[in-house]
Amino acid sequence: MSGTLIDFCKQLEPTQLKLPTALLQAARDGVEFQHHFPTTRDEAWKYTRLGRVAALKLSPVKINQPANPLPSSETIDIIFENETWHCAEPITGLHIDFSGALDTTAWNACTLQGHVQHINALTAQGGVAIRVDANTKIIKPIRIIHRIQGEHTGLILHHQFVLGNHASAQLEVFFEGTSQDTYANVLFDFFIGVGADLHTDMLQQTNGTHYGFHTQRIYQQKDSTFALQTLTANTHFTRNDVEVFSQEEGTHTQLYGAFIGRENNHIDNHTYVHHTAPNCTSDENYKGVLSDKATGVFNGKVKVYQDAQKINAYQSNKNILLSDSATINAKPELEIYADDVKCSHGSTTGQLDQQALFFLRARGISESKATDMLIKGFMAEIVGTVKSSHIQEALHSLLG
Amino acid sequence: MLKITDLHASINGTEILKGLSLEINAGEVHAIMGPNGAGKSTLASVLAGKEDYEVTSGTITFEDQDLLDLSIEERAREGLFLAFQYPVEIPGVSNVNFLKTAINEIREHKGLSALSAKDFLSLVKEKSALVALDASLASRAVNEGFSGGEKKRNEIFQMAMLEPKLAVLDETDSGLDIDALRIVAGGVNALKSKENATLVITHYQRLLDYIIPDFVHVLYDGKIVKTGGKELALALEEKGYDWIKSAE
């Protein structure tokens, strides 16, 4: 097995974040103890091979801040591009910070699990800390763009988003780039205050042989709402880990995802929702369309803890395979320790509806256009929940 | 317009049509009646080009072209329309969106420019009124949550929008109450002209009270065994298909 985790980290710069010592030590211990990248014998990586990732030769991006702020637009923009980041002028109630200090209370809530998070902690080049004051509604969407350019680029970031009590905001996150053999390890920690509401749309649309690891951890307080739409379009290698901690009563969580893979694309979505408090709901819906030799993974886990009564948790995963060589590995999981809950999960995989295809063609529509229409129709319930007009446009041109 | 000669067709190796011949001219309304399993729906599917069916021998010419050489969509663009016995539901695909695509693909085939959004919408308004289809149904996903009657009215609405030369109505009356039947038949009659033709496939004579056929054919065991005027439908209704079977 090539490349240990320590070797992998050594080719990158040591972390620029001001991490609590205990966390940093935990990450060091983690990579030393685990030593190698996980293999398919490891349950969390059963369907996703990391050999190519371990063998990547990387040079880190050094991130500098440019002098001039971005002009104001319809969104409040934060752009990570090549070796610089750009940021729009902050507005009242919204704080954007790049010092790497991040929020101390937020750090205290963190633990690190698995090699992706360990690498992130040891080699993060920075990240943005966004804070919205309590009782503040940020109307303009906040947009974070990651442009991963240049062969052998490694972009490692740890972002934080702290939404004060009864605040609300809308976030759009983009990953783009066209270079070969690039690596991104981008972690978001979301802290959603009491009664707060955050809607996040994320589009992963990198060309080239890019290896993208995306981690989102969401900590929800009482009566808060969090919605995340993860859209992955024709990426070479993507692993998404979304972990929700519903910590207090009355939270609502929506995790939607759409993934489209072709050629040798590998797209892996892992989600884990922890219901530790009663009277909460979570709604999860992932849909995939795979063609050629593409592979998809859906592993959704919902755990309802003993005292978390009156939980409504729904999980659905539906996939369409357009070729005989495309593969989907679907694993919906429920773990319930409370006795008064409503939970459902299900997963289906099939081909395009041949009756519907015949119907559309019998009305004069070509086979390829009819196929596009059916795929678009299949994805409509996910795409319909996307608020970002930029992402809507991107999906529109992608889905025809 | 349409000429079927000695058509044999099978599905999964079982022969269903066993030498069917039929000729339809512009301006005519033909009805095909027959008992269950006679091959009525197979005929409709073969005409539309459904790939599950294999034509083993015989010819079909449509407007002087070899229909069997054309793909499903080419047949539609040449003016063949099949109203489905069981209209499919397509979640996420809106009725008007798909119709707009269909109309413009057909227009492109004919060398015409795409319809403007305004012209398209006024066409939707005009044609949906013809079958009393609520405008909100037109903008909903194709047949999703439609009642049985609404689905059939939607088929005729699509027919009105696409203005085919030959419309094949496959058991359009099945599952319709008498009011819905009147509306559907009224729509079909309103679309009738000297240039187009209609082939009504039905089990019962009832629909033919509203859509008056010029010719009635009896399909039995894969062949047309009797042809007559509209009075033949009445005789069938009265005497049943056994009368044909025993006469054979």
Side-chain angles (χ1 to χ4, degrees), chain A residues 229 231 233 256-260 285-289 314 316-320 322 324 346 348-386 391-393 395-400, chain B residues 44-53 70-110 140-144 151 154-155 157-159 161-165 167-168 170:
Chain A
Q229 277 62 238
L231 308 138
Y256 278 17
F259 53 98
I260 298 166
N285 191 356
Y286 275 73
K287 287 188 156 187
V289 174
Y314 303 102
S316 166
N317 164 236
K318 289 182 178 153
N319 310 294
I320 290 178
L322 295 175
D324 290 343
T348 60
T349 296
Q351 292 164 319
L352 220 50
D353 182 347
Q354 294 302 313
Q355 297 288 344
L357 196 61
F358 174 67
F359 170 79
L360 292 175
R361 293 180 69 193
R363 294 291 177 260
I365 299 171
S366 70
E367 188 173 8
S368 67
K369 207 171 259 185
T371 302
D372 288 348
M373 287 176 91
L374 291 177
I375 291 171
K376 198 175 176 181
F378 175 70
M379 289 299 195
E381 63 174 335
I382 308 294
V383 175
T385 61
V386 170
I391 295 181
Q392 284 282 5
E393 273 167 39
L395 292 171
H396 190 72
S397 63
L398 187 81
L399 294 168
Chain B
S45 297
V46 167
L47 287 173
K50 197 156 196 200
E51 283 148 348
D52 307 349
Y53 294 89
L70 303 178
S71 68
I72 302 164
E73 53 268 35
E74 283 166 340
R75 295 175 193 204
R77 292 171 193 170
E78 287 294 330
L80 184 83
F81 180 92
L82 171 66
F84 283 61
Q85 183 179 3
Y86 304 108
V88 285
E89 296 188 12
I90 314 182
V93 175
S94 96
N95 230 356
V96 284
N97 249 350
F98 115 77
L99 267 173
K100 196 172 182 185
T101 308
I103 282 183
N104 285 331
E105 294 239 318
I106 292 168
R107 288 178 67 91
E108 196 186 326
H109 179 76
K110 290 179 179 164
R140 275 193 1 216
V142 179
N143 291 329
E144 198 185 28
K151 282 180 183 172
N154 195 20
E155 292 293 294
F157 166 59
Q158 291 162 35
M159 174 180 155
M161 291 291 288
L162 301 178
E163 297 179 329
K165 288 180 194 152
V168 180
D170 186 10

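Residue numbers begin at 1 in each chain, while the letters A, B, ... track the order of the sequences. Just so it is clear, the model here is predicted, and its values are computed rather than measured.
For B/Glu105 (side chain) and A/Ser366 (main-chain N/O), a donor-acceptor pair under 3.5 Å exists by modelled atom type. When atom types are taken as modelled, the side chain of B/Arg77 and the backbone of A/Gly364 share a donor-acceptor pair closer than 3.5 angstrom. Side chain of A/Arg363 to main chain of B/Ile103: no donor-acceptor pair is present (N/O by atom type, distance under 3.5 Å, no hydrogens or angles).
Of the listed residues (B/Ile72, B/Asp52, B/Val88), just one forms a side-chain contact (heavy atoms from CB on, under 4.5 Å) with A/Phe358, and that residue is B/Ile72.
Residues passing the side-chain contact (heavy atoms from CB on, under 4.5 Å) test with A/Ala258, sequence neighbours excluded: A/Leu231, A/Met379, A/Ile382.
One finds a salt bridge joining A/Arg361 and B/Glu51 here, because a Lys/Arg side-chain nitrogen approaches an Asp/Glu carboxylate oxygen to under 4.0 Å.
Between A/Phe359 and B/Phe98, a ring centre-to-centre spacing shorter than 6.0 Å is recorded.
Looking at A/Gln354 and B/Lys50, their side chains never bring a donor and an acceptor atom within 3.5 Å of each other.
Between B/Glu73 and A/Ile365 there is no side-chain heavy-atom pair separated by less than 4.5 Å. With a 4.5 Å cut-off on side-chain heavy atoms, B/Ile90 and A/Asp353 do not count as touching. In this structure, B/Thr101 and A/Met373 have side chains that are in contact, with non-hydrogen atoms separated by less than 4.5 Å.
Using a 4.5 Å cut-off between heavy atoms, A/Gln355 touches chain B through backbone and side chain atoms alike.
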